[in-house]
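Written out below as structure tokens is the structure these notes cover.
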Amino acid sequence: MAEQAIDMRSFFSNFRHHRTAVAVAVLLGAGAGAGLVFAMPPQYSSQSLVLLPPVQAADSGGQPTGRNSATEVKVASSDAVLGPAGAKMTPRMSTRDVKKTVEISAPTNDVIQVEAYAGTAAQAEMLARSIAESEVEYLTKSSSSQTAAEVKALSERHSALQDSLTTVNAEIEKAKARQQGEGLNSADSIALAQLTAQQADLVLKIDDVKSKERGEDTGPGAAIIQSASPARRPGLVPRLALSVGIGVLLALAVLGVLLGAMRSRDRRMRMRDEIADAIGGAVVASLRSQPQRSAAGWVSMLADYAPSSVDVLALRQMLRQLAPDETVDRARQVEVGEHRIVHPTSITVISLAGDERALAVGPQIASFAASVGIRTRLVAGRSHESAAALFAACTPQRAGEEVRPNLLLDTRSKRDKADFTVVIAVVDRDDPDLSHVQRSAVTVLAVASGAATAEELARAAVVADESGRLVSGIVVADPDESDRTTGRMLQHERAQQVALPSRLTGVRPPKSSDGKITGLGGGAS
């Protein structure tokens with residue numbers, strides 16, 4: 001059997017077939033998520049805000065230039081800012097360590113936000129505060145910095161002004177000396193007044209140059225508008241819930257991929273059409289099985305089995321379909337049981353060793369037949385170690401024992417007279433043998449979905465055919481929930497069927513010559 005393609009339907013059906021693996025994956029994912037939370041507890045975070053200095057007019061029109069927030073974030077994240085901030089920490093932190101524990105962003109073009117993380121609240125607050133201070137210091141230094149040429153020019157201007165002031169002061173002193181000795185005329189008074197005004201102007205110019213040399217003419221600078229906020233960390237319960245949820249989802253995703261890969265190489269059949277094609281026979285019924293693990297469990301199931309309405313209909317149709325024509329004609333005239341059910345005189349149900357769900361098909365058929373008034377005998381025809389509990393249940397403690405009205409259990413074929421005999425045969429998958437199984441009117445193969453390969457099922461059918469038993473049909477136990485096939489038609493019969501139309505989306509419908517939209521039959525729709 002070729003590898004099966006994985007689709008979403010089969011992907012989710014894998015979880016239904018491997019509930020134990022799903023439960024283990026959920027527990028492992030939840031445990032890993034919870035362990036991660038406790039092994040790596042959340043860090044404290046503290047936030048600080050820095051207001052950037054006003055933008056200076058720089059374009060040709062004299063309009064303020066725009067600020068690039070991404071550039072400001074790059075500057076705040078640079079070594080020039082984070083390095084001094086790490087040096088202020090106790091213990092000292094390297095620039096690389098600081099970069100790993102901070103997030104710098106720009107909520108607006110004029111504000112830089114610093115988010116610092118640390119293992120303790122005090123450490124987080126100290127780091128946020130240090131970075132904010134370092135950012136302000138860097139911006140202040142940058143805005144007041146001057147080139148060497150500018151510093152030299154200011155120094156030369158300062159010296160020139162100072163020399164001029166010295167000369168003016170000397171002239172003023174001479175004028176004052178003449179005033180005290182000889183007295184000043186009107187011309188000298190005017191000159192003295194001019195010298196005094198020139199002195200005042202030089203003093204102002206010298207003060208302006210000194211201010212420029214000190215960098216005091218840059219205007220308002222950067223400022224911390226929010227120092228380190230109180231450090232906080234996420235609550236344990238929300239973080240635990242989030243981590244556990246993510247762990248479970250990741251575990252299920254990994255499990256889904258693994259199961260999908262395994263299923264794509266799995267040769268066991270799950271679809272009813274595949275099972276029917278394996279032996280070239282139709283599926284006559286699909287039932288929900290009730291397998292048991294002990295002899296007492298089998299006896300209890302046989303005594304109390306009450307199939308659902310769907311299974312009742314499937315069992316009635318199966319028995320009617322398997323009944324020979326002469327039996328059907330006779331049953332139409334003679335009432336058989338309370339419900340006029342048509343059935344063959346005997347049936348052999350063959351199942352493969354280890355297929356516990358298919359093993360329950362024979363007992364369920366017998367119990368159902370007895371429940372509708374047909375005197376039925378359940379015979380254990382061929383045993384296997386995997387079916388030891390069922391064959392132990394079929395051995396009555398005394399002759400003629402009935403586990404329920406009209407149902408007899410026996411290991412021999414002709415001990416009591418019955419209207420309907422169900423023979424159970426469990427054969428080995430690799431070496432099936434039916435030599436010691438009594439013959440019946442009809443023979444069916446019982447197989448559970450996903451329990452056998454085409455090779456194993458065909459091998460059992462070949463042995464049945466060699467022993468003179470024609471396999472009349474297949475009973476599928478617990479069909480896959482995603483199976484939309486029936487198995488009632490063989491492959492060559494399905495090929496002759498007209499394919500149903502598929503719904504297409506995004507395709508423009510065809511139009512007739514008059515522009516009307518046409519349907520499948522060519523008429524307007």
Side-chain angles (χ1 to χ4, degrees), residues 284-308 310-316 318-319 322 337 341 343-397 400-413 415-416 418-427 434 437-438 440-449 451 460 473-479:
V284 295
S286 298
L287 301 175
R288 291 298 173 187
S289 66
Q290 295 188 11
Q292 307 296 321
R293 296 184 177 276
S294 64
W298 283 112
V299 173
S300 178
M301 190 275 289
L302 290 169
D304 302 327
Y305 176 59
S308 64
V310 175
D311 287 346
V312 168
L313 180 60
L315 288 167
R316 291 178 67 90
M318 178 195 69
L319 294 176
L322 296 177
I341 185 171
H343 64 88
T345 57
S346 59
I347 181 174
T348 298
V349 181
I350 302 175
S351 62
L352 301 179
D355 191 352
E356 297 180 355
R357 294 176 293 164
L359 180 63
V361 170
Q364 288 177 218
I365 294 174
S367 183
F368 164 74
S371 68
V372 297
I374 303 174
R375 187 167 180 80
T376 306
R377 179 170 57 246
L378 180 62
V379 178
R382 179 140 188 111
S383 178
H384 189 275
E385 59 181 8
S386 63
L390 174 59
F391 281 79
C394 291
T395 303
Q397 298 298 324
E401 179 181 0
E402 294 184 354
V403 293
R404 73 183 301 167
N406 298 314
L407 179 58
L408 304 173
L409 300 181
D410 204 347
T411 56
R412 288 172 290 180
S413 61
R415 185 164 188 168
D416 294 301
D419 297 323
F420 183 41
T421 301
V422 179
V423 181
I424 303 172
V426 182
V427 298
L434 297 172
V437 179
Q438 77 169 84
S440 302
V442 293
T443 301
V444 296
L445 282 175
V447 61
S449 173
I474 306 170
V475 179
V476 178
D478 299 331

Are any non-hydrogen side-chain atoms of [X] and [Y] less than 4.5 angstrom apart?
X    : Y    : result
S351 : L359 : yes
L408 : R375 : yes
L319 : P344 : yes
S386 : V426 : yes
N406 : T376 : no

Distance in Å, [X] [atom1] paired with [Y] [atom2], rounded so as to fall on 0.5 Å steps:
X    : Y    : atom1 : atom2 : result
H343 : R316 : NE2   : CZ    : 11.0 Å
L287 : S308 : CG    : OG    : 9.0 Å
S371 : L315 : OG    : CG    : 9.0 Å
F391 : E385 : CZ    : CD    : 12.5 Å
M318 : I347 : CE    : CD1   : 5.0 Å
D478 : E356 : CG    : CD    : 11.5 Å

Would you find a donor on one side and an acceptor on the other, under 3.5 Å apart, between the side chain of [X] and the backbone of [Y]?
X    : Y    : result
S367 : L302 : yes
D355 : A448 : yes
R288 : V310 : no
Q364 : M301 : no

Minimum-distance pair of heavy atoms, taken over all atoms of [X] and [Y]:
X    : Y    : value
A477 : S289 : CB-CB, 4.2 Å
V422 : G362 : CG1-O, 3.7 Å
A446 : A358 : O-CB, 3.4 Å
V284 : G473 : CG1-CA, 3.8 Å
A369 : F420 : CB-CD2, 3.6 Å
A451 : R357 : CB-NH2, 4.2 Å

L378 and side-chain contact (heavy atoms from CB on, under 4.5 Å): which single residue from L409, I365, V403 fits?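 Going through the options one by one, the only one that passes is L409.
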Return the set of residues passing ring pair (Phe, Tyr, Trp, His ring centres under 6.0 Å) with F368 (not counting sequence neighbours), or none when no residue passes.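 F368 satisfies ring pair (Phe, Tyr, Trp, His ring centres under 6.0 Å) with no other residue.
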For I424 and V349, run side-chain contact (heavy atoms from CB on, under 4.5 Å): C-alpha distance rounded to whole Å, both residues' side-chain angles, the deciding distance at 0.1 Å, then the answer. CA-CA 5 Å; I424 303 172; V349 181; 5.6 Å; no
Partner set under side chain to side chain donor-acceptor pair (under 3.5 Å) for T443, not counting sequence neighbours: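 Once residues adjacent in sequence are excluded, T443 has no partner under the side chain to side chain donor-acceptor pair (under 3.5 Å) criterion.
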